[in-house]
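A short worksheet on the structure shown next.
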Amino acid sequence: MIDPRQSLARRPRRVLVAGTSGAGKTTLAARIATLLGIEHVEIDALYHGSNWIPRDQFLTDVEEFSSQPQWVTEWQYGTVRDLLADRADLLVWLDLPRVTVMRQVITRTIRRRLRREVLWNGNIEPPLHRFLLDRDHIVRWAWTTHHKSELRISALAQRRPDLTIVRIRGRVDVEHWLAGPFVGTLANNSDRK
């Protein structure tokens with residue numbers, strides 16, 4: 001595991017962004033993909049069908065895109081987590097404090113609901129009162145699963161000691177890593193795409 005002040009040994013080609021719900025995985029994955037000039041596959045869009053029902057072809061779609069030589073996606077959904085980890089050459093772990101994650105996920109959920117933003121496959125956030133009734137509501141999910149990221153990352157580091165893992169603990173670290181060590185790695189490896 002390396003810290004965000006360290007450069008990568010080589011230009012990554014298959015990148016996972018890990019963290020609890022609301023940590024900013026999708027935003028960071030999209031930024032990394034843009035910097036690398038490769039495709040960002042938003043895994044939520046593959047998972048959620050209409051009416052929030054999981055898509056039957058989810059596993060097939062993940063197997064297909066992850067067999068490609070280059071991609072960036074979020075590391076989630078237990079049914080594909082190992083598959084993605086086995087094919088990745090970099091994992092960026094957004095290990096943000098619970099208070100930061102909760103502020104972000106609550107703000108995002110309220111904004112999406114009030115604006116009735118259309119998400120994947122026509123879905124919109126459920127009414128806010130569902131937070132009290134639905135044990136899998138995204139806000140409750142973020143709270144109750146926050147600690148699981150560290151357990152998953154530790155297990156992965158043991159299983160895949162060759163996988164480079166960058167641990168990022170705050171928004172300042174994200175910006176520093178992207179602008180410094182990450183971009184530096186890309187510049188130093190630009191001829192080895």
Side-chain angles (χ1 to χ4, degrees), residues 12-96 101-128 130-131 134-146 148-149 152-153 156 163 166 168 171 174 178 182:
R13 297 174 60 227
R14 295 173 166 182
V15 182
L16 292 171
V17 179
T20 192
S21 297
K25 295 183 300 295
T26 302
T27 300
L28 181 56
R31 290 179 70 188
I32 291 170
T34 298
L35 290 169
L36 289 171
I38 63 178
E39 180 181 15
H40 168 227
V41 177
E42 189 174 354
I43 203 159
D44 279 330
L46 297 181
Y47 183 79
H48 296 291
S50 60
N51 297 316
W52 297 103
I53 297 171
R55 295 174 59 249
D56 291 336
Q57 56 273 56
F58 174 64
L59 181 56
T60 302
D61 289 347
V62 172
E63 286 176 344
E64 183 179 315
F65 91 74
S66 67
S67 69
Q68 300 302 312
Q70 298 183 99
W71 45 262
V72 180
T73 195
E74 302 80 22
W75 195 49
Q76 54 195 41
Y77 301 112
T79 56
V80 297
R81 199 174 274 124
D82 284 345
L83 170 70
L84 291 170
D86 288 344
R87 294 179 175 179
D89 59 15
L90 173 65
L91 185 136
V92 181
W93 176 21
L94 285 172
D95 184 22
L96 306 183
V101 169
M102 294 311 298
R103 183 179 63 247
Q104 290 175 177
V105 75
I106 290 169
T107 301
R108 179 187 76 184
T109 302
I110 291 171
R111 183 192 73 240
R112 285 177 172 175
R113 180 59 193 171
L114 293 177
R115 293 180 181 171
R116 298 188 58 78
E117 289 180 26
V118 178
L119 303 171
W120 320 278
N121 301 307
N123 294 305
I124 60 170
E125 292 283 355
L128 295 174
R130 296 297 304 172
F131 166 72
D134 183 358
R135 70 179 186 88
D136 289 333
H137 188 282
I138 192 67
V139 174
R140 290 177 75 174
W141 184 263
W143 179 264
T144 59
T145 62
H146 184 269
K148 291 183 179 181
S149 290
R152 287 185 187 117
I153 298 292
L156 178 60
L163 179 63
V166 178
I168 296 180
R171 292 284 160 222
V174 168
L178 287 175
F182 185 69

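In this chain, numbering begins with 1 at the start of the sequence shown. We use all heavy atoms of the structure for the numbers below, so side chains are in, but hydrogens, waters and symmetry mates are not.
When side chains are defined from C-beta on, R13 does not count as touching I38, because their heavy atoms never get closer than 4.5 Å. A 4.5 Å side-chain heavy-atom check between L36 and Q70 finds every atom pair outside the cut-off. With contacts defined as side-chain heavy-atom distances shorter than 4.5 Å, the pair D61/Y47 does not qualify. By the 4.5 Å heavy-atom criterion applied to side chains, V92 and V174 are not counted as neighbours.
Of the possible polar contacts, none joining the D89 side chain to the P12 backbone as a donor-acceptor pair under 3.5 Å is found. When atom types are taken as modelled, the side chain of D95 and the backbone of I168 share no donor-acceptor pair closer than 3.5 angstrom. Using modelled atom types, no side-chain atom of H40 and backbone atom of T27 make a donor-acceptor pair closer than 3.5 Å. Checked by atom type and distance alone, the side chain of R14 pairs as donor or acceptor with a backbone atom of Q68 at under 3.5 Å. Counting only distance, with no hydrogens or angles, the side chain of W52 and the backbone of I124 share a donor-acceptor pair below 3.5 Å. Here the side chain of R55 pairs no donor or acceptor atom with the backbone of A45 at under 3.5 angstrom. The main-chain N or O of E64 is found under 3.5 Å from a side-chain atom of S67 such that the two form a donor-acceptor pair.
Looking at V41, I32, L35 one by one, the single match for side-chain contact (heavy atoms from CB on, under 4.5 Å) with V72 turns out to be I32.
If you take CZ on R108 and CZ on R103, they are separated by 14.0 Å, rounding to the nearest 0.5 Å. The CZ atom of R113 sits 14.0 Å away from the CZ atom of R111 when rounded to the nearest 0.5 Å. Annotation: the span from T73 atom OG1 to L16 atom CG amounts to 7.0 Å, rounded to 0.5 Å. Annotation: the span from W71 atom CH2 to E39 atom CD amounts to 11.0 Å, rounded to 0.5 Å. We find the CH2-CG distance between W75 and L91 to be 6.0 Å, quoted to the nearest 0.5 Å. Rounded to the nearest 0.5 angstrom, H146 NE2 and T20 OG1 are separated by 6.0 Å.
Scanning all heavy atoms of the two residues, the minimum distance from S66 to V62 falls at OG-O, 2.7 Å. Closest non-hydrogen pair, R81 versus R152, comes out as NH1-NE, 3.1 Å. Contact record, G49 with N123: O-ND2, 2.8 Å, taken as the closest heavy-atom pair. Heavy-atom minimum distance, V105 versus A142: CG1-CB, 4.0 Å. Minimum heavy-atom separation, L163 to L90: CD1-N, 3.5 Å.
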Determine whether L84 and F65 satisfy the following criterion, side chain to side chain contact (heavy atoms under 4.5 Å, CB included), listing intermediate values before the conclusion. CA-CA 10 Å; L84 291 170; F65 91 74; 3.9 Å; yes

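No salt bridge links K25 with E74; every basic N to acidic carboxylate O contact stays at or beyond 4.0 Å.
Ring geometry for H48 versus W120: interplanar angle under 30°, hence parallel rather than tilted (30 to 60°).
Remark: W143 CH2 is loosely packed, at most 12 non-hydrogen atoms of other residues, nucleotides or ligands lying under 6.0 Å away.
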